[in-house]
Protein chains: 2
Amino acid sequence: MQQIWLSLLCGFCLRLVIFCRAEEGLEFPNFDGKDRVLDISERNYKKALKRYDLLCLFYHEPLPANKGLQKRFQMTELVLELTAQVLENKDIGFGMVDSQKDAKVAKKLGLEEVGSLYVFKDDRVIEFDGELSADTLVEFLLDVLEDPVEMLNNAMELQAFERMEEDIRLIGYFKGEDSSKHLSLKMNEVNFYEPFMEEPAILPGRPLSEMDIVEFVNQHRRATLRKLRAENMFETWEDDMDGIHIVAFAEEEDPDGYEFLEILKDVARDNTNNPELSIVWIDPDDFPLLTTYWEKTFKLDLFRPQIGVVNVTDADSVWLDMSNDEDLPTPEELEDWIEDVLSGRVNTEDDDESADDLEDPDGYVPADSYESHDPDEEDDNDD
Amino acid sequence: MQQIWLSLLCGFCLRLVIFCRAEEGLEFPNFDGKDRVLDISERNYKKALKRYDLLCLFYHEPLPANKGLQKRFQMTELVLELTAQVLENKDIGFGMVDSQKDAKVAKKLGLEEVGSLYVFKDDRVIEFDGELSADTLVEFLLDVLEDPVEMLNNAMELQAFERMEEDIRLIGYFKGEDSSKHLSLKMNEVNFYEPFMEEPAILPGRPLSEMDIVEFVNQHRRATLRKLRAENMFETWEDDMDGIHIVAFAEEEDPDGYEFLEILKDVARDNTNNPELSIVWIDPDDFPLLTTYWEKTFKLDLFRPQIGVVNVTDADSVWLDMSNDEDLPTPEELEDWIEDVLSGRVNTEDDDESADDLEDPDGYVPADSYESHDPDEEDDNDD
């Protein structure tokens, strides 16, 4: 690692520059230049696994010959160094595993996806496939350190649980007489809440083994409506449905966005048993640096809610026309459109044909209640 | 601006390194090395003001002689360059104003706080005194571009409005017959919602001028409970109460944190008319890079809710003992403790005295229901 670089980048990488301020209490850390990330090899990986409560291994391609890519590579190292520094007192080890040089170690440890970070905790491995920035990574690791099971002791804590609708949640009732009243859980019963669903699924069988529970969660992991989050954004995006995603943009803090999101939730609840449907909800507020990129790539105005189909191999897309602000689609209209997407009637490949020219075996004509607009067509007009 | 630097830093500053991925649609922008930030002087500032919908001027100290500070300075420029690139299509101008070299321009434009960014929109100036990172800045500027007034047209949009409890909100009823029913607003009436308050204040007088409204908001700007947010964190922190802040840490997504926050809201609602009380609520999830710094500085475990008093000149602090997880203080106990803080009975200066030694004119002995723990005392024991 080049020390010049590190000191040079130190203030910046932590995203902040402060000129002298009189107050104390909000000091963003600066990188101190100390190497903390291990170069993992066959000689030291076992020792590293033993030594730390948590071991984070970044699985990477060999150092590229290209200068530009080398810089990117060093920046990744720097993100890890910073994360290691910030979490120094938490007993977390960090290391790099080269997919070529350390192929044997990688195989032994079960590392598969180059560019992912693998977290070893006790006898488990957790893959991080999110935004590789110091803040996202620190937040993720602090979450991993926390006990994943929370005791719900009172009505207020139950309310907190009910509010976490964006996450997959499991709830079980194992002892005590009072706590289950509000949830009507039976003793030893475990319930699974899909994100945004009001009614849980009951895990079959009692008592359940750890493996039963893990298997059930893995089978039901892909939600009908799932929120894109920095900590697993690439994992979500890679989990496409036949090469496409139905993507909805909605700013939850905006009245229109909130309303549209409620409509999406309605649609998701009505279609929760359709394995072919999974809508990716993106709140632009969570990704300020991607907002204008998305506006440009998809030719959208992200100050308004939007829903469309995106082909993940080329980012080609087609969007539902909702240009009238006063008139968001009803859940029924949205379901009709989604049906057309799933049946292939609305797709990203018909770019050069108008809606009327579509060949459709059923003689289908798009409903008057909505129109799809294709960014490429607009593009042709603009240029 | 040094071009080498820019290209060198390009990938990193945008917080992301991606090795080849097959999917498209989530590409974080790379800095392209093009200069977009203007060097503002007497010659060009008027033209710049005219040319853009929004002009952002960073008011800074002269380039320091110290090499380390010079690097920080260049990193700030880089944050601005990146922000300018990301927002390239939004008609926003960016410039730097040197507090020494451009003192005349600064005076004409009313720039006062070195290290702040001033945004000129129409005939108004908005000061940004938050975290100077590209994502916080982009998010802030996208918000400024949006129309600040939203029309509430239906029950769902009203619900969205009600959920924005963290913000100061103004609501007015000006025409139409239906929209006010749920809010019992009278024609031309404007209501002010302090953050976390359920009942609004009615602005006195009707009809109200813009100046009436602005004056009322400025007078009521400092809320009894206010959330620390990246976009104005320094502004909030600088607005201390006689050199101290009552600071509460609570993770809203955690059941304990949620419960504690609800207690805080209760206390704030009961004390909304006390001008001496303003609690700064920090959700550690919003500031992952500061979490371990706070834990170290304040000697706290931030996996649990905490409340204490922080002296902003030296970050000295004293914290309410809430080590029993099952037993958060009641709103009444919290109010007693806050009363002791406001009266000076609990303060950060009695570090070396035990609670029993406190000189108190009223012969006050801390209630059994709570104890304050002082990080410095702990420190003495640890070392």
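Per chain, numbering begins at 1; letters A, B, ... match sequence-line order.
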Relative to chain B, which of [options] shows the most heavy atom pairs under 4.5 Å?
| options | value |
| --- | --- |
| Leu145(A), Asn154(A), Asp143(A), Leu261(A) | Asn154(A) |
| Asp314(A), Thr292(A), Asn311(A), Val310(A) | Thr292(A) |
| Glu88(A), Glu252(A), Glu251(A), Arg163(A) | Arg163(A) |
| Ala160(A), Ala315(A), Pro284(A) | Ala160(A) |

Would you say the side-chain atoms of Gln159(B) and Tyr258(A) include a donor-acceptor pair closer than 3.5 Å?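 Indeed, the side chains of Gln159(B) and Tyr258(A) share at least one donor-acceptor pair under 3.5 Å.
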Toward chain B, the part of [X] with a non-hydrogen atom under 4.5 Å:
| X | result |
| --- | --- |
| Phe303(A) | both |
| Glu150(A) | side chain |
| Asp147(A) | neither |
| Glu262(A) | side chain |
| Leu290(A) | side chain |
| Thr291(A) | side chain |

Strictly distance-based, threshold 3.5 Å: is any side-chain N or O of Gln85(B) a donor or acceptor partner for the main-chain N or O of Asp32(B)?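 Checked: pair present.
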Taking Thr136(B) for the side chain and Glu231(B) for the main chain, is one N or O donor matched with an acceptor at less than 3.5 Å?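 No, the answer is negative, given that no donor and acceptor are paired below the 3.5 Å cut-off.
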Could you look at Leu228(B) and say if it's the side chain, the backbone, both or neither that has a heavy atom under 4.5 Å from chain A?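 Side chain only.
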Once the angle between the rings of Phe287(A) and Trp294(A) is folded into 0 to 90°, is it parallel (under 30°), tilted (30 to 60°) or perpendicular (over 60°)?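 Phe287(A) and Trp294(A): perpendicular rings.
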Describe, in one word, how the ring planes of Phe298(A) and Phe249(A) are oriented to each other, choosing from parallel (under 30°), tilted (30 to 60°) and perpendicular (over 60°).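 Phe298(A) and Phe249(A): tilted rings.
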Stepwise, does the salt bridge (Lys or Arg N to Asp or Glu O under 4.0 Å) test hold for Arg229(A) with Asp167(A)? CA-CA 11 Å; Arg229(A) 307 177 94 163; Asp167(A) 304 298; 2.4 Å; yes
With sequence neighbours excluded, give me every salt bridge (Lys or Arg N to Asp or Glu O under 4.0 Å) pair touching residues 285-296 of chain A.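 Listed once each, the pairs are Lys227(A)-Asp286(A), Glu295(A)-Lys90(B).
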So Leu137(B) and Leu80(B), do their side chains get closer than 4.5 Å, heavy atoms only?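 The answer is yes, as the side chains (C-beta and beyond) meet within the 4.5 Å cut-off.
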